[in-house]
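First up is the structure itself, then whatever we jot down about it.
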Amino acid sequence: MPKRDLRPLPRSFFDRDPRRVARDLLGKILIRGSRTKISMAARIVEVEAYLGFKDPAAHAFRGMTARNSVLFGPPGHAYVYFIYGMHYCLNVSCQPSGTPGGVLFRALEPIAGEVQMAKQRGISITHRGDLLRLTSGPGKLTEAFGITSKRDNGCDLTSLSAGLWIADDGSSVGRIRRTPRIGIRVAVDDPLRFLLAGNPFVSGPKRLR
DNA sequence: ATATCGATTATCT
DNA sequence: GATAATCGATATG
């Protein structure tokens, strides 16, 4: 019997190795809203872990900069960065201050607020399958959730104050699959991508689903 | 000051 | 499978 308590996950949840956080984040819910109203909600179905100084693919690998400083701060905060001149990506910082690490949100399964998501994505939902294009990619899900500037960079995802948080609705997750990460050119063999096996909202090539 | 490239997406062949 | 779109961060001169 699922919980209906959708309060933010505690900071301690994120104060761990990004690989552990990534795996445990699958099945949780990303929520946009306020104390009185949830405007959007979607299940986390695909994430990637990025480590610190030992991970050449991580933004934190070459040390702290103005851009990646959130990764070096306390756990549970949003690291939002701009990529390819047109997309934003959302991460959550992991591990204690001084130890960089994070988890990239790569795909979500919409639960509520699909109309608003479609509006912010600039697409209409007229065919079966259009829902699949709402949040099935790191740049898509940020656009759907209105994370379209660095305004959200650094916000606390363990609090209601930013209007963006992560909750556990008590639902059980099915089989979890690990694969190499997508879109990187170094450390291409490390299996740090985690997904709900067979979930239709997952991004990337079919062979990695 | 200028060049290169990226944790992507949409569109075309 | 290949490529354009588009810009901030980073590297190099």
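When reading the values below, keep in mind they use all heavy atoms of this one structure, side chains included, and skip hydrogens, waters and symmetry mates.
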Can you tell me the distance, in whole Å, between the NE2 atom of A:His59 and the C1' atom of B:dC5?
11 Å
To the nearest 0.5 Å, what is the distance between CG on A:Leu134 and NZ on A:Lys140?
9.5 Å
Can you figure out which of C:dT10, B:dA7, C:dA9 approaches the side chain of A:Thr65 most closely?
C:dT10
Tell me whether the side-chain N/O atoms of A:Arg185 come closer than 4.0 Å to OP1 or OP2 in B:dG6.
yes
Candidate nucleotides B:dT9, C:dA9, C:dT10, ranked by approach to the side chain of A:His87 - the nearest
B:dT9
Roughly how many Å is it from CD1 in A:Ile83 to C1' in C:dA9, rounded to a whole number?
9 Å
In whole angstroms, the gap separating C1' of B:dA7 from CG of A:Leu141 amounts to 12 Å
Please classify the nucleic acid contact of A:Leu104 as base, sugar-phosphate, or nothing, using heavy-atom distances under 4.0 Å.
base
Send over the distance from A:Phe61 CZ to C:dT10 P, rounded to a whole Å.
14 Å
Between atom CE in A:Met64 and atom P in C:dA9, what is the gap in whole Å?
15 Å
For A:Arg62 and C:dA9, is the shortest distance between a side-chain N/O and OP1 or OP2 below 4.0 Å?
no
If only atom types and distance count, is the side chain of A:Arg121 paired as donor or acceptor with the main-chain N or O of A:Arg133 below 3.5 Å?
yes
Can you tell me how far P of C:dT3 sits from CE of A:Met86, to the nearest Å?
17 Å
Whole-Å distance separating the OH atom of A:Tyr84 from the C1' atom of C:dA5
13 Å
Is there a donor and acceptor pair closer than 3.5 Å between the side chain of A:Tyr81 and the base of B:dA7?
yes
Do A:Asp152 and A:Arg32 sit within salt-bridge range, that is, some charged N less than 4.0 Å from a carboxylate O?
yes
Return the value, rounded to whole Å, for the distance between atom CZ of A:Arg133 and atom P of B:dT11.
7 Å
May I ask you to evaluate whether A:Lys140 reaches the phosphate of B:dA10, defined as a side-chain N or O under 4.0 Å from OP1 or OP2?
yes
With stacking defined as ring centroids separated by under 5.5 Å and planes differing by under 30°, is A:Tyr50 stacked against B:dA7?
yes
If you draw the axis of the six-membered ring of A:Tyr50, does the NZ or CZ of A:Arg181 fall within 45° of it and under 6.0 Å from the ring centre?
yes
Taking for each residue the nucleotide of DNA chain B bearing the nearest heavy atom, is the 5' side occupied by A:Gly183 or by A:Glu143?
A:Gly183
Secondary structure of DNA chain B per the Watson-Crick/G-U criterion (both distances under 3.5 Å; [ ] crossing, | other strand, . unpaired) is ||||||.|||||.
Keeping the roles fixed (side chain from A:Asn153, backbone from A:Val80), state whether a donor-acceptor pair exists under 3.5 Å.
yes
Would the distance check show the side chain of A:Glu48 and the main-chain N or O of A:Arg193 forming a donor-acceptor pair, the cut-off being under 3.5 Å?
no
First encountered from the 5' end of DNA chain B, between A:Arg121 and A:Leu90
A:Leu90
Should the ring pair A:Tyr79 and A:His59 be called parallel, tilted or perpendicular, given that the plane angle runs from 0 to 90° and is split at 30 and 60?
perpendicular
Proximal nucleotide (of B:dA7, C:dT6, C:dG8) relative to the A:Phe82 side chain
C:dG8
Do other residues, nucleotides or ligands put more than 12 heavy atoms under 6.0 Å from A:Lys150 NZ?
yes
